[in-house]
Amino acid sequence: MLPISGFPELLPAERFVELHFLDTIREVFELHGFAPLETRAVEPTSRLLGKGGDADKEIYGVSRLAGRSEERSGAEAELGLHFDLTVPFARYVLENAGKLAFPFRRYQIQKVWRGERPQEGRFREFTQADIDVVDVGELAPHVEAEMPLVIAEAFGRLPVGEFRIQVNNRRIPEGFYLGIGLTDVAGTLRIVDKLDKIGPEEVAAQLVAAGATDEQARLALALAEIRSTDLAFVGAVRALGVAHPTLDEGLDALAAVIAVGMERAPGVLVADLRIARGLDYYTGTVYETQLVGSEDWGSVCSGGRYDSLASDGRTTYPGVGISIGLTRLVHLLVAKRGLTASRSTPAAVLVAVVDDASRSRSDAVAAALRARGVPCEVAPTAAKFGKQIRYADRRGIPFVWFPGAGDDDGDQVKDIRSGEQADADVATWECPAADLRPSIITP
RNA sequence: GUGGGCGUAGCUCAGCUGGUAGAGCAUCGCGUUGUGGUCGCGAGGGUCGCGGGUUCAAGUCCCGUCGCUCACCCCA
């Protein structure tokens, strides 16, 4: 009985943390008018293939019956588990275009699967919380600014600490590289992206090794090092003296996004001209999100604009979306920052059982508490009270209810944290609001 | 997919040049016979990942295999 690598399973207290994140994220998504949606777990493999970089080799194929060896060992699976929520959504939009109202805003919180090698914070099965907006033919550019601001609002309500959403526009490096005569845009981006890891000298060396001149490498590096929380990046790029129409488009688009961010969430959005990653279908704006002080965790929320992912050949539905890596975010906060829940069960009260004959009385107490919205459970055995208290203590249940412990056969309730025990009436007792549900604890 | 590290109790690990499997924590019981946490005493719990080889003898050495893990790749 060993865990399967990359398929994480949580303990109840950790799951409470994850649920709190889920609830908060969903609430914020709905506050912004995103409609709920769920798509099936599988797509035809042909629809998943070729959508991004090395994503192809990460697709889990699904054979229809596990016991059918001829299917397991046979040709390529016809169905594959989705590796993100954007590709299935694009397919869904095409299939349901006649029933949807555009621009269509939806959120989707689901498991996705990628067959990569697991590592800390990288999983084969994980949950993404995704918002997207698609429109018919044209998509208003202001939506590109809205996406990260919704995320900023959700993160602002969660115990994630400070965070930065880095924004770039793929047209900037693309136009810039073309402007200086570097035609291998993707290859150049791939090398430049290692800047943090291997440093500028090594990046320059690799660019030259890939065929760039010293001057081209110098300029590409100079572009990658530009970042600003205001519009200063535009002047910094211009100062490099490179001209290309695609570069101009990118700069205008990014400036528009950053300008909105400066007004609505100062300091959160950062124009960072080295951000280039994400899947191949992104065509313009791209986002990555890092928690301040935990940059080595990688991005916990990414996305971008895709102009041609959803197209039936006649009509194109451009979209923009962003996706929170919920599993990575929660796992790392729990593992590295000690985030946890105040208890491992929803029960706020354990109703003690005096003896087997009076269990029905304890059941009645529990029913009355539940009717008033207090989560509770009845002790599993009529063990000694010390054991029943310990049962509650080990689960973090704050209160133990003792039927008939008071005068005139009245009940008493004990706060086992303080040891304080007092008379209580099940019809009127108020559970402190802070104890009603498990709370999230940040060390 | 490529390369390194590691597999011994539920968890974290010790176990030397091969010689009858250990500790701490956790769990359960008792002390304390219906009000926990501390403390003391005790108990249960192991095909040493799996398979093969060397040897009188393998947790220990050799080979294979599976798994976990870290880095690369890529990504949430």
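The structure displayed is predicted, hence computed values, not measured ones.
Atom C1' of B:A23 sits at a distance of 29 Å from the matching atom of B:U32, rounded to the whole Å. The gap from the P atom of B:U60 to that of B:G3 amounts to 26 Å, rounded to the nearest Å. Taking atom P in both B:G7 and B:G15, one finds a spacing of 10 Å when rounded to whole Å. Rounded to whole Å, the C1' atom of B:G1 lies 39 Å from the corresponding atom of B:G18. Straight-line distance between the C1' atoms of B:G29 and B:C70: roughly 43 Å, to the nearest whole Å. For the P atom pair drawn from B:C39 and B:G46, the interatomic distance equals 27 Å after rounding to whole Å. Comparing the C1' positions of B:C74 and B:C16 gives a spacing of 44 Å, expressed to the nearest Å. Atom name P, nucleotides B:G5 and B:U47: the rounded distance is 28 Å, in whole Å.
Nucleotide B:A76 holds its C1' atom 10 Å from the CZ atom of A:Phe155, rounded to whole Å. Whole-Å rounding puts the A:Lys111 NZ to B:A76 P distance at 18 Å. If you take CD of A:Gln388 and C1' of B:U32, they are 17 Å apart, rounded to a whole angstrom. Atom CD1 in A:Ile165 sits about 14 Å away from atom C1' in B:A76, given to the nearest Å. Going from atom CG of A:Asp355 over to atom C1' of B:U33 covers 16 Å, rounded to whole Å. Rounded to whole Å, atom P of B:A76 lies 18 Å from atom CZ of A:Phe163. Whole-Å rounding puts the A:Gln166 CD to B:A76 P distance at 13 Å. Atom P of nucleotide B:A76 and atom CD1 of A:Ile131 are separated by 15 Å, given to the nearest angstrom.
In this entry B:C72 has B:G1 as its Watson-Crick or G-U wobble partner, both defining distances falling under 3.5 Å. Base-pair partner of B:G31: B:C39 (Watson-Crick or G-U wobble, both distances under 3.5 Å). In this structure, B:C13 and B:G22 make a Watson-Crick or G-U wobble pair, each of the two defining distances being under 3.5 angstrom. In this structure B:C61 sits in a base pair with B:G53, meeting the Watson-Crick or G-U test at under 3.5 Å. Taking a pair to require two hydrogen-bonding distances under 3.5 Å in either a Watson-Crick or a G-U wobble arrangement, B:G67 pairs with B:C6.
Base contact: A:Val353 has a heavy atom under 4.0 Å from a base atom. The residue A:Phe402 sits close to a base: some heavy atom pair falls under 4.0 Å. Within 4.0 Å of A:Gln421, counting heavy atoms only, lies at least one base atom of the nucleic acid. Note on A:Lys194: only backbone sugar-phosphate atoms sit closer than 4.0 angstrom, heavy atoms only; bases stay farther off.
Here the nucleotide nearest the side chain of A:Arg328, chosen from B:A76, B:U33, B:C74, is B:A76. Here B:G3 is the nucleotide among B:G3, B:C28, B:C75 with the atom lying nearest to any side-chain atom of A:Arg117. Checking B:C70, B:U33, B:A76 against every side-chain atom of A:Glu120, the shortest atom distance belongs to B:C70.
Around atom CZ of A:Arg105, more than 12 heavy atoms belonging to other residues, nucleotides or ligands sit under 6.0 Å away. Other residues, nucleotides and ligands place more than 12 heavy atoms under 6.0 Å from the CZ atom of A:Arg337.
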N/O to N/O distances under 3.5 Å, protein versus nucleotides 36-39 of chain B:
unit_1, atom_1, unit_2, atom_2, d
B:G36, O4', A:Gly386, O, 3.2
B:G36, O6, A:Ile416, O, 3.0
B:G36, N1, A:Ile416, O, 2.6
B:G36, N2, A:Asp393, OD1, 2.7
B:G36, N2, A:Asp393, OD2, 3.4

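Minimum heavy-atom separation, A:Gln388 to A:Ala379: OE1-CB, 3.1 Å.
With 3.5 Å as the limit, one finds no donor-acceptor pair spanning the side chains of A:Ser360 and A:Asp363. Using a 3.5 Å distance cut-off with no hydrogens or angles, the side chains of A:Glu295 and A:Gln290 do not pair a donor with an acceptor. Side-chain contact annotation: A:Arg106 with A:Gln108, donor-acceptor N/O pair under 3.5 Å present.
Between A:Phe123 and B:A76, no base-stacking contact is recorded for ring centres under 5.5 Å apart and planes less than 30° from parallel.
Between the side chain of A:Thr45 and the backbone N or O of A:Glu78 there is at least one donor-acceptor pair closer than 3.5 Å. In this structure, A:Arg372 contributes its side chain and A:Val426 its backbone to a donor-acceptor pair below 3.5 Å.
Annotation: A:His331 is in aromatic contact with A:Phe123 [ring centroid separation under 6.0 Å].
Take the nearest nucleotide of RNA chain B for A:Gly121 and for A:Ala405: the residue whose nucleotide is more 5' is A:Ala405.
Residue side chain A:Gln119 reaches the base of B:A71 through a donor-acceptor N/O pair under 3.5 Å, judged by distance alone.
Applying side chain to side chain contact (heavy atoms under 4.5 Å, CB included) to A:Ile226 and the options A:Leu273, A:Ile172, A:Asp272, A:Asn168 leaves one that passes, A:Leu273.
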